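Data first, discussion second: the structure below is written as structure tokens.
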Amino acid sequence: MSRSSRSDLRIVDDQLWDAVHMEIEQRQRPQAKASRGRPNRKKHPLSELIHCSVCGSNYTISGTDYYRCADQKERGTCGNTVSVRREPLEHATVAVFRHSLFSPEHARAFAEEFALK
Ligand SMILES: [Zn+2]
């Protein structure tokens with residue numbers, strides 16, 4: 001994947017960009033390689049992209065409908081017991097991206113950047 005040279009068009013920082021593309025690459029690998037030695041867990045869009053404000057660990061899916069601190073959930077070493085419902089969080093995230101990506105200002109900049117010559 002190539003990044004735009006226009007830093008003013010960026011809506012995510014480099015760390016998030018790299019994390020998303022690592023996740024995309026991982027999901028494109030054959031399942032046999034990915035599941036060797038560990039159960040084949042379903043990935044969720046925001047797993048490992050949101051972090052606990054107390055300890056910094058990833059917020060991962062808990063059960064089927066909630067994200068919560070992985071450190072608290074798996075090791076009990078973090079005191080943050082706040083869980084967030086999956087669906088509203090994912091919808092809000094999509095809404096933010098949609099709003100950010102489809103403003104007239106960004107559409108104009110996108111058109112200028114990628115105009116056919
Ligand atoms: Zn935590």
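Quick note: numbers below take in every heavy atom, side chains included, and nothing from hydrogens, waters or symmetry partners. Each ligand, and each atom within it, is numbered from 1 in the order the structure gives. Predicted model only: the values in this text are computed from it and were never measured.
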Under 3.5 Å, sequence neighbours excluded: what are the donor-acceptor pairs made by side chains of residues 76-83?
residue : atom : partner : partner atom : Å
T77     : OG1  : D71     : OD1          : 3.2
T77     : OG1  : D71     : OD2          : 2.8
N80     : OD1  : V82     : N            : 3.0
N80     : ND2  : Y59     : OH           : 3.3

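Here the closest heavy-atom approach between residue L46 and residue Y67 is recorded as N-OH, 3.3 Å. Closest of all the heavy-atom pairs between K73 and I61 is NZ-O, 2.7 Å. What you find for R86 and T64 is that their closest heavy atoms are NE-O, 3.1 Å.
Residues E87 and D65 form no side-chain contact, since every pair of their non-hydrogen atoms from C-beta on lies 4.5 Å or further apart.
Protein contacts to the Zn ion (ligand 1) involving N, O or S atoms at a distance below 2.8 Å are C52 SG, C55 SG, C69 SG, C78 SG.
Residues Y66 and L89 do not share a hydrophobic cluster, clusters being chains of Ile/Leu/Val/Met/Phe/Trp/Tyr side chains in contact below 4.5 Å.
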